[in-house]
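Just so we're clear, the structure is a prediction, and the values are computed from it rather than from any experiment. Numbering starts at 1 and runs along the sequence shown.
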Amino acid sequence: MIWALGLSLPVVACALGLAWFLARRENAAAGDPGDGTGGDLGRRPFRLQVVGYRTDRVDEALARLDAQIAANELLLRGAPSDPARAPAPAPVASATLVGNPTNFADAANPDALASATLVENPTRVADAREREGAEEATPRVPWGWPDLVVVAAYLGTALHVLSGLVGRTSTGYLSQGVQDHQAFEWYFGASAHNVATLSNPLFSDRQNFPDGVNLMANAAVTGLGVPLAPLTLTLGAHLTFFVVELLGLAGTAAAWYWFLRRRGLVRTAAAVGGWFTGFAPAMVSHANGHPNFVALFLIPVIVDRVLRLARGTHHVRDGVVLGLLVTWQVFIGEEPLLLAALGMLVVGLVLVLRGRLDLRRLAPGVGIGAWVCLVLVAVPLWWQFAGRQSYTSIYHPPGGNDLAALWGRATRTFGADPWASAALSMNRTEENAFFGVGLLVLVGVIALVLIRRPVVQALAALVVVACWLSLGEEVLLRGRPTGVPSLWAALDELPVLENVLPTRFVMMAIPAIAGLLALGIDAAIRAAPLNAADADEAQLPSWQPRVGGWLVTVAAVVVLLPVLPTSLQVDERPAVPTFFTGDAWRDFSHGGSILAVPPTDIVDARAFDWQLAADTMAFPIVEGYFVGPNGAPDRGGQYGATRRPMSLWLYDVNAANAVIPATEAQRLQFVEDLRAWRTDAVVLPARPQAAALRDSLATVLGQPQEVEDVLVWDVRELRP
């Protein structure tokens, strides 16, 4: 905390310097002689308007722009290209192209020139961006090698975060995610198995045999598992998981960078904003084993398509594309899509109230997109809520953020105290806030300076609402109740929302904070004059206006230092027995299941690796780690299978590490359990509790066979 406060001091200094710079620039532009008197015009109160032409130059700027467009149109129509005979370019257009950070390649294209002038010009012509809606503009911004460098930096950061898995995807695992890493590898393997066998892609019986698992009712990431099935079948699910996490982190950052560039922001601003969306503490935390919350690269594309629809053109085309994008995101992750929709709702409401979003233009395209999506997901959603092994809802304990987590330090950041971070979060995969003091301070300053912009108001509102929702039913401060109710208390019983962990709502603030950072940097950079003549005209030293861009960029880098991620913790996996890496298992698998001893559950998923090693899900296993029905009449959900008596007995033996002989009544019940599981073989690998488990099972099944490095009980004769 002390270190975070120390880092916030230079941020505050940068913020104060920025405010001084903007105030001095405003006064100078208004005619302040600089002696403190301000002159007649200098007495005007400071307006929170960072960029814009002075009103007495609007007509001049428009005239120059029209002249340049006319000149370019003559060139395109075949007018003489001789510079002596061609119309002279207008000074404002020349200045725009010279100083334009977008670097439009074709200056003769009138559309490109207009986009360059209106989007990248440091001065807004007649406040056109405000009238047309800067949030709706989608200029054609070409990509060059600097953009590829930015994406390479994102990829390098993702490699740094996952560096512990490089070269050991099959022998190491992300241990702070408990068994989530193995669970998602299993999902990728199940999708590949369904593709290879032409089975139902929404269901798998490879665990919890014979009842199976409803993949739509689990975070199975089938939207990535199915298209990546060739990779899984060829190189294994371990590598697929690594690729999804790597490209998920880097791809999410790159997609938001693309989105910000399409909004007309300068490259530096978009790069900083994009980096934060991909590598915020919540993203790194979920990378411990939740690829459905890491691969969010479709979200900015969906938002961009909605903004295109808000312009009221190409309803059918853009609506169909929107429907297809949303459908794909449903199969990647429904919960991130729900959070994105709620975030867009908050932002859209503010923009509607400010008159910057016309619902009449938006409705037709969104309606077409909703219809396309509904047609495609109707059956999968029915299967999710009413199909085999479906459930209605699942109980989650109170899971709101501690208020101190909003400005705290996450575990996987440089210099963080892991114990302090653990005290403020549910677990290592749910450190969803942890923005740091400095970042919140800088974002607050940017929001205040640019508060006249409707898009800034909308993003600031989203940050507040998201953080407030994430605090759960009652606000806690360092674990102590404050007695203050949170916004979530009014929503926690609503359908669908009741299944969302409140702590995750703060993830809606990540792109909003990134957007505010990017807008602040962009505004400061645009406030600089393009040349010395402009500085002289404003009665400012040529270096002074550029200080604004430097200040905000430096401040952004400083505040992001406390959230700079470290590499994720990787531990060694339990070795896969050679019984499964070779062909010995084939002699004991004949269409039935294999019972791993003890049965697979949320704390012991090693049998998943056995399946992946043996021809990718060639045999099913008993029980497992998934979400399914609890067997009660209300069809509530639970983690794992409803355990049978033999499973509970094996769990007790393993926990006590002592021989517990089975009674005659238990022996008869255990035989019925094996029949219900349709078990071919009971397999006990070498482990510290192996002796107790072996001797206890011997009282039920007799002595086992020792096959390579496992003990096997062949129980095929018990199958019905």
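With 3.5 Å as the limit, one finds no donor-acceptor pair spanning the side chains of Ser390 and Asn214. A side-chain donor from one of Asn432 and Thr503 sits under 3.5 Å from a side-chain acceptor of the other. Between the side chains of Asn292 and His286, no donor N or O sits under 3.5 Å from an acceptor N or O. A side-chain donor-acceptor contact under 3.5 Å links Thr411 and Arg428. Using modelled atom types and a 3.5 Å distance limit, the side chains of Asp180 and His290 yield a donor-acceptor pair. Side-chain atoms of Thr240 and Thr232 include a donor-acceptor pair closer than 3.5 Å.
To the nearest 0.5 Å, atom CG of residue Leu403 and atom OG1 of residue Thr482 are 7.5 Å apart. Interatomic distance, CG of Leu612 versus OG1 of Thr581, reported as 13.0 Å (0.5 Å rounding). Within the model, atoms CZ of Phe242 and CG of Leu247 stand 9.0 Å from one another, a figure rounded to the nearest 0.5 Å. Rounding to the nearest 0.5 angstrom, the gap separating the OG1 atom in Thr642 from the CG atom in Asn630 is 6.5 Å. Here the CG atom belonging to Leu159 is positioned 10.0 Å from the CG atom belonging to Leu249, to the nearest 0.5 angstrom. Between Phe241 atom CZ and Gln182 atom CD the span is 8.5 Å, to the nearest 0.5 Å.
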Should Phe297 and Phe259 be marked as a ring pair (Phe, Tyr, Trp, His ring centres under 6.0 Å) after you check the CA-CA gap, both sets of side-chain angles, and the distance that decides it? CA-CA 11 Å; Phe297 51 83; Phe259 175 86; over 10 Å; no
Verify salt bridge (Lys or Arg N to Asp or Glu O under 4.0 Å) between Arg409 and Asp417, making sure each step is shown before the conclusion. CA-CA 8 Å; Arg409 297 289 312 285; Asp417 180 355; over 6 Å; no
Run the side-chain contact (heavy atoms from CB on, under 4.5 Å) check on Phe203 and Leu215 step by step: do they pass? CA-CA 5 Å; Phe203 182 82; Leu215 296 181; 5.5 Å; no
Test side-chain contact (heavy atoms from CB on, under 4.5 Å) on Tyr173 and Asp571 and set out the steps. CA-CA 6 Å; Tyr173 78 104; Asp571 289 342; 4.1 Å; yes
Determine whether Gln179 and Ile602 satisfy the following criterion, side-chain contact (heavy atoms from CB on, under 4.5 Å), listing intermediate values before the conclusion. CA-CA 7 Å; Gln179 304 295 312; Ile602 191 172; 5.7 Å; no
Please evaluate residues Val465 and Leu342 with respect to the criterion side-chain contact (heavy atoms from CB on, under 4.5 Å), reporting the C-alpha separation (whole Å), side-chain torsions for both, the decisive distance (0.1 Å), and the verdict. CA-CA 10 Å; Val465 171; Leu342 292 175; over 6 Å; no
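The closest side-chain heavy-atom distance from Asn654 to Pro598 is below 4.5 Å. Between Leu325 and Gln329, the closest side-chain pair of non-hydrogen atoms is not below 4.5 Å. The shortest distance between side-chain heavy atoms of Tyr625 and Asp604 does not fall below 4.5 Å. In this structure the side chain of Arg206 never reaches within 4.5 angstrom of the side chain of Ile621, judged on heavy atoms. For the pair Ile594 and Phe209, the minimum side-chain heavy-atom distance is 4.5 Å or more. The side-chain heavy atoms of Val683 and Leu595, taken from C-beta on, include no pair separated by under 4.5 Å. Contact of the Thr566 side chain with the Val161 side chain is not registered, since no non-hydrogen atoms from C-beta on lie closer than 4.5 Å. In this structure the side chain of Gln389 never reaches within 4.5 angstrom of the side chain of Val213, judged on heavy atoms.
Val244 approaches Pro291 most closely through the heavy-atom pair CG1-CB, 3.8 Å. Heavy atoms only, all atoms of each residue included: Ala605 and Thr600 are closest at CA-CG2, 3.8 Å. Closest non-hydrogen pair, Val303 versus Met344, comes out as CG2-SD, 3.8 Å. Summarising the geometry of Pro685 relative to Trp610, their closest heavy-atom pair is CG-CZ2, 3.6 Å, with the distance given to 0.1 Å. Nearest approach of Ala287 to Leu174, heavy atoms of both residues: O-CD1, 3.2 Å. Nearest heavy-atom pair across Asn401 and Ala433 is ND2-CB, 4.2 Å.
One N or O on the side chain of Arg635 and one on the backbone of Phe385 form a donor-acceptor pair closer than 3.5 Å. For Ser285 (side chain) and Glu431 (main-chain N/O), a donor-acceptor pair under 3.5 Å exists by modelled atom type. Under the 3.5 Å distance criterion, the side-chain polar atoms of Thr277 are matched with a main-chain donor or acceptor of Gly274. Formation of a donor-acceptor pair under 3.5 Å by the Glu623 side chain with backbone atoms of Gly640 is not found in this model. The closest donor-acceptor contact from the side chain of Ser486 to the backbone of Glu474 lies at 3.5 Å or more, if one exists at all. Looking at Ser425, its side chain does come within 3.5 Å of a backbone N or O of Ser421 through a donor-acceptor pair. In this structure a side-chain-to-backbone donor-acceptor pair under 3.5 Å is present from Thr157 to Ala153. Side chain of Thr252 to main chain of Gly248: a donor-acceptor pair is present (N/O by atom type, distance under 3.5 Å, no hydrogens or angles). Under the 3.5 Å distance criterion, the side-chain polar atoms of Arg606 are left unmatched by any main-chain donor or acceptor of Ala596. Without hydrogens or angle criteria, Asn218 side chain to Ala220 main chain gives no donor-acceptor distance under 3.5 Å.
Ring geometry for Phe435 versus Phe276: interplanar angle of 30 to 60°, hence tilted. Taking the six-membered ring where tryptophan is involved, the planes of Tyr187 and Phe184 are perpendicular, since the angle between them exceeds 60° and thus also 30°.
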Distance-only donor-acceptor pairs under 3.5 Å for side chains of residues 504-517, two or more places apart:
{"from": "Arg504", "atom 1": "NE", "to": "Glu430", "atom 2": "OE1", "distance (Å)": "3.2"}
{"from": "Arg504", "atom 1": "NE", "to": "Glu430", "atom 2": "OE2", "distance (Å)": "3.1"}
{"from": "Arg504", "atom 1": "NH1", "to": "Glu335", "atom 2": "OE1", "distance (Å)": "2.9"}
{"from": "Arg504", "atom 1": "NH1", "to": "Glu335", "atom 2": "OE2", "distance (Å)": "3.1"}
{"from": "Arg504", "atom 1": "NH2", "to": "Glu430", "atom 2": "OE2", "distance (Å)": "2.5"}

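A search for salt bridge (charged side-chain N to carboxylate O under 4.0 Å, His left out) contacts involving Glu245 returns nothing, not counting sequence neighbours.
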